[in-house]
Amino acid sequence: MLERVSIHNLDDFFTERGKRPEKGVYFCRLTAYSAEIERFIRKYYDEARKTGVVIEGKIPNPDEKNLSYYEEIMGMGFQMSVSFFNDSLKKWLPRMNDRQREQVVLAMHDALDSLRGAGKTENILKNAYIKFMCWLYYKFERIVNQLGAERIPKILYEGYVSNYERMMLSILSQAGCDILLLQYEGDQGYRKVDPGSVWSEEYRADGAVMFPQGFSLKKIREDMQDEQRREALYGARPQMKNCTNAWIKGKGLDDIRESIPLRGNDPRLFYNCFCRINGVDDKLFYAEELYRFQQELKSSGRKVVIVEREIPKPAPDEIAAIKRNNYANEEQMIRGLAANIQYAANQELQRIMNQSFVNNIQKAAKEPGSNLNKLTNRAVYLLCWLKRYQARLFDHWNKTDIACFIYMGGCKTSSEALFLSFLARLPVDVLILCPNLNERCCLTDDLLYEVNHTESLMLDRFPADDSQARMGTAAYHAERELDTLMYQDSGMYRNQQYGKADVINLQTMYEEIRILWDQELKYRPGFSVVGGTVNIPVIYSKVSGVKDGQTEPYWAAIRELLTENTVLVQKAPYIENTTPNPVKAYVTEFYKNGRLQKTKIKQHPKYPYGILREEVQDVMLEKLQIILDQKRIRGIGENGTEYTVIATVLNLPKEILRLIQKFDFTKKNPKLIYVNATEQVISLEDTILVTFLNLIGFDILFFIPTGYQSIEKYFNQRVMEEHQIGEYVYDLRVPDLKNLPLNKSRQSWRNKFFKRGN
């Protein structure tokens, strides 16, 4: 029989019999936890699962079927002798050789003899013998014929053993098995069956603590299965891996300028840089330095992609090109979407892309608030951007190529951040430039290296050619700094300071309209600026009836509201459905899968708004998308009304277009006054117009002396408040309000309000 020897290192368990420092087997108990112990348990579990026995819970006692079969084969005779045990075992487990059988027989005889020495009856010895024989056959048959081999069979037992289980394990230990007991609650349970630790030893590592709550072989098995499933996602692993930033000197642009061969020479690695530069070191020469930098990269033959302000969102046709299905879980989704990564010209690069995709999507899945739907959308965006930039970054790629992706302005969304983290694991230098310290990049990544400067510069376009490489004077930058101090959170605003706005429709008393009407927006209740977007409080109301039925004061009151920025409509409709519209024939090309094709619209030869400021065009198309998304006009998505909406908004009257162009979101807003004194219902086109102008930020007033439902027909919901100011009057003829003389003798509302006048 083999002796149990003390273990010095847990990895000794995996040493073959002939190479062990002491000849013998290990029978060990683990009662405390450490990361190293968990690593060992995982390895031991894998070994026992493949070539040994794993016991979770108790060793099942023989049931009636087990005992019936044993009796049928062996009978119920019993003799307390080595020869009887040997003959019985030869018949019961015929695959064992003589040497193996001898070891088990001697160990079992010793165990039963100890019971007899403790005063147990013959019947108890017989029952114990039959129990051991059944356990050998039903639980340990797979390892008893491995006894004596160089690779010692392993038994892993989770929990506290009973007395008979301890005896069975001791028999197998003496016969030539390594045994490990996992006792998560400490050692007190085992000490009840082996008070002196005669049969096994407790192993405690330095710094070990109690096992974590929930630790178990089941959890280890699930984790290992998860790891195997994740590993299957990678397919063939790439031979090369990224060496990101380990070689850099921390000099920002100079690190990226570094010649590729000088970065490192290990053929198993590609040496890339992942860097964000916040602020600027010299305002006067920053733009010029960037211009020279990109010239040097291109002259060295490196591929360069420059993105400014934002990575344009994938267009519907780009999204449609990504092959995908419905997925039940994260692994399915990753495996399915990864099939879109194709680079037939170089299998190694495709494998690098696939590995980075899997790693980054798995990391994103662990972020708070993540779910399968959101994760899928982000993965699709990543793949769309990869397809968009792949040729420009990797055309004719070889192992010595490192492209450069420059993002001017920093990440605004988690999807952009995910894409740059993905790129940073490819043979690409990723450079993020954030010269304006008031705009923060949302990207966080363990690999990212940051260079921080104290000076800030407003520069949102990369000087990609010499015409853009403008160098500001010291006085110019001093003025910009003063500008920032004056207009940052001060309540003062420079001209056209903001390019985005959201509308808040005010609920007012009718009398308040005249007070608010010609007031700058920043003085109205609800005005605010949040994150570069202005919240504009606007008037959007219908005025029904005529006060006291008196028409002359009624028209005079409307005349007083006319400002230089007011569009007056005195007769419905303002826009006829027969009005020439050169865009109308092309609108079906501009709208697909619920999204405006903004790039296609801007590039179309019939697009009429190309003369407007870029930010004005963006706002107009954004508000048009809102009308379509929220279906504010009846019939959108049902009968093709969406195309009428697009055609109408893309063919606005010149007088309105000019008001939109000069509209400053922090100052007075443009107005529309629409007077309808007839029974005529306003047209669909007019309804579209006022809906759009409301979203842009116009004040809009309908004057309906008849009180008729003449403006509500095409609205999908009630959007404006209505003021009833007097009795309904019919068959009125609207005078020429623009040329109606003001009543100078009439005291102005301002003078009335402040109690002063003539």
Side-chain angles (χ1 to χ4, degrees), residues 501-508 510 513 517 526 536-545 558 561 566-579 581 584 587 591 594 596 619-653 656 659-660 669-725 728:
D502 290 332
V503 167
I504 302 170
N505 290 327
L506 289 171
Q507 290 184 309
T508 68
Y510 173 66
I513 291 176
W517 186 253
I536 300 175
V538 300
I539 296 166
Y540 193 22
S541 298
K542 172 184 177 182
V543 181
S544 296
I558 297 175
L561 294 173
T566 302
V567 175
L568 175 64
V569 179
Q570 299 189 149
K571 180 183 177 183
Y574 176 56
I575 301 176
E576 302 273 2
N577 57 15
T578 56
T579 301
N581 190 333
K584 195 170 187 177
V587 291
Y591 188 66
L596 285 173
V619 167
M620 293 178 70
L621 293 177
E622 176 192 334
K623 302 307 182 185
L624 174 54
Q625 183 69 61
I626 290 173
I627 295 175
L628 299 171
D629 288 344
Q630 298 180 1
K631 298 183 178 180
R632 295 197 174 196
I633 305 298
R634 190 167 296 165
I636 290 178
E638 298 173 3
N639 56 19
T641 300
E642 58 268 24
Y643 299 114
T644 304
V645 172
I646 297 169
T648 301
V649 172
L650 293 181
N651 190 46
L652 296 177
I656 289 178
L659 290 176
I660 294 175
N669 59 330
K671 329 283 185 184
L672 174 71
I673 293 179
Y674 198 121
V675 182
N676 186 6
T678 70
E679 298 178 1
Q680 177 73 39
V681 174
I682 73 169
S683 65
L684 171 61
E685 288 76 11
D686 282 2
T687 307
I688 295 168
L689 173 68
V690 297
T691 301
F692 176 73
L693 295 184
N694 168 247
L695 288 172
I696 286 290
F698 276 55
D699 284 337
I700 297 173
L701 273 180
F702 283 97
F703 284 95
I704 313 296
T706 62
Y708 285 145
Q709 295 281 318
S710 60
I711 64 174
E712 288 85 355
K713 179 177 179 180
Y714 297 105
F715 288 111
N716 229 354
Q717 55 190 359
R718 182 176 177 179
V719 291
M720 66 185 76
E721 64 175 346
E722 183 174 3
H723 301 283
Q724 298 286 346
I725 66 168
Y728 300 148

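Computation of the quantities below employed the complete heavy-atom set of this structure, encompassing side-chain atoms and omitting hydrogens, waters and symmetry-equivalent molecules.
In this model, a donor atom of one side chain and an acceptor atom of the other lie less than 3.5 Å apart for S544 and E722. Side-chain contact, T678 with N676: a donor N or O sits under 3.5 Å from an acceptor N or O.
To the nearest 0.5 Å, atoms CG (L672) and CZ (F698) are separated by 7.5 Å. For the atom pair CD1 (I696) and CG (L659), the distance works out to 11.5 Å, reported to the nearest 0.5 Å. Taken to the nearest 0.5 Å, the NZ atom of K623 stands 12.0 Å off from the CG atom of L621. Taken to the nearest 0.5 Å, the CG atom of N639 stands 3.5 Å off from the OG1 atom of T641. Note: E685 CD to I633 CD1 = 10.5 Å, rounded to the nearest 0.5 Å. N651 contributes atom CG, which lies 8.0 Å from atom CD1 of I575 (distance to the nearest 0.5 angstrom).
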Could you go step by step and tell me if V690 and Y540 meet the side chain to side chain contact (heavy atoms under 4.5 Å, CB included) rule?
CA-CA 9 Å; V690 297; Y540 193 22; 4.2 Å; yes
Would L701 and W517 count as a side chain to side chain contact (heavy atoms under 4.5 Å, CB included) if you check the C-alpha gap in whole Å, the side-chain angles of each, and the deciding distance to 0.1 Å?
CA-CA 10 Å; L701 273 180; W517 186 253; 3.5 Å; yes
How far apart are the C-alpha atoms of I660 and M620, what are their side-chain angles, what is the distance that settles it, and do they pass the side chain to side chain contact (heavy atoms under 4.5 Å, CB included) test?
CA-CA 9 Å; I660 294 175; M620 293 178 70; 4.1 Å; yes
Quick one: do Y728 and T706 satisfy side chain to side chain contact (heavy atoms under 4.5 Å, CB included)? Show the steps, please.
CA-CA 5 Å; Y728 300 148; T706 62; 5.6 Å; no
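Taking both residues in full, the closest heavy atoms of S683 and Y714 are given as C-CE1, 3.7 Å, listed atom of the first, atom of the second, then distance. In this structure, N581 and A647 approach most closely via the heavy-atom pair ND2-O, 3.0 Å. Between N694 and I700, the closest heavy-atom pair is N-CD1, 3.6 Å. Here the closest non-hydrogen pair linking I711 and K542 is CD1-CD, 3.7 Å. When all heavy atoms are compared, the tightest approach of I636 to L628 is CG2-O, 3.8 Å. Closest non-hydrogen pair, E576 versus T579, comes out as O-OG1, 2.9 Å.
Counting only heavy atoms from C-beta outward, the side chains of T566 and L561 never approach each other to under 4.5 Å. Side-chain contact between N716 and R632 is absent, with no heavy atoms from C-beta onward closer than 4.5 Å. At least one side-chain heavy atom of F715 sits less than 4.5 Å from a side-chain heavy atom of T691. Annotation: side chain of N577 is not in contact with side chain of L684 (no heavy-atom distance under 4.5 Å). Side-chain contact between M720 and S541 is absent, with no heavy-atom pair separated by less than 4.5 Å. Counting only heavy atoms from C-beta outward, the side chains of V567 and Y574 approach each other to under 4.5 Å.
Atom CD of Q724 sits in a crowded spot, with more than 12 heavy atoms from other residues, nucleotides or ligands closer than 6.0 Å.
Partner of V681 under the side chain to side chain contact (heavy atoms under 4.5 Å, CB included) criterion, out of E712, Q709, K713: K713 alone.
In this structure, D686 contributes its side chain and P573 its backbone to no donor-acceptor pair below 3.5 Å. Remark: the backbone N or O of L596 is paired with a side-chain donor or acceptor of Q625 at under 3.5 angstrom. In this structure a side-chain-to-backbone donor-acceptor pair under 3.5 Å is present from D699 to I539.
Ring planes of Y591 and Y643: perpendicular class, angle over 60° (limits at 30 and 60°).
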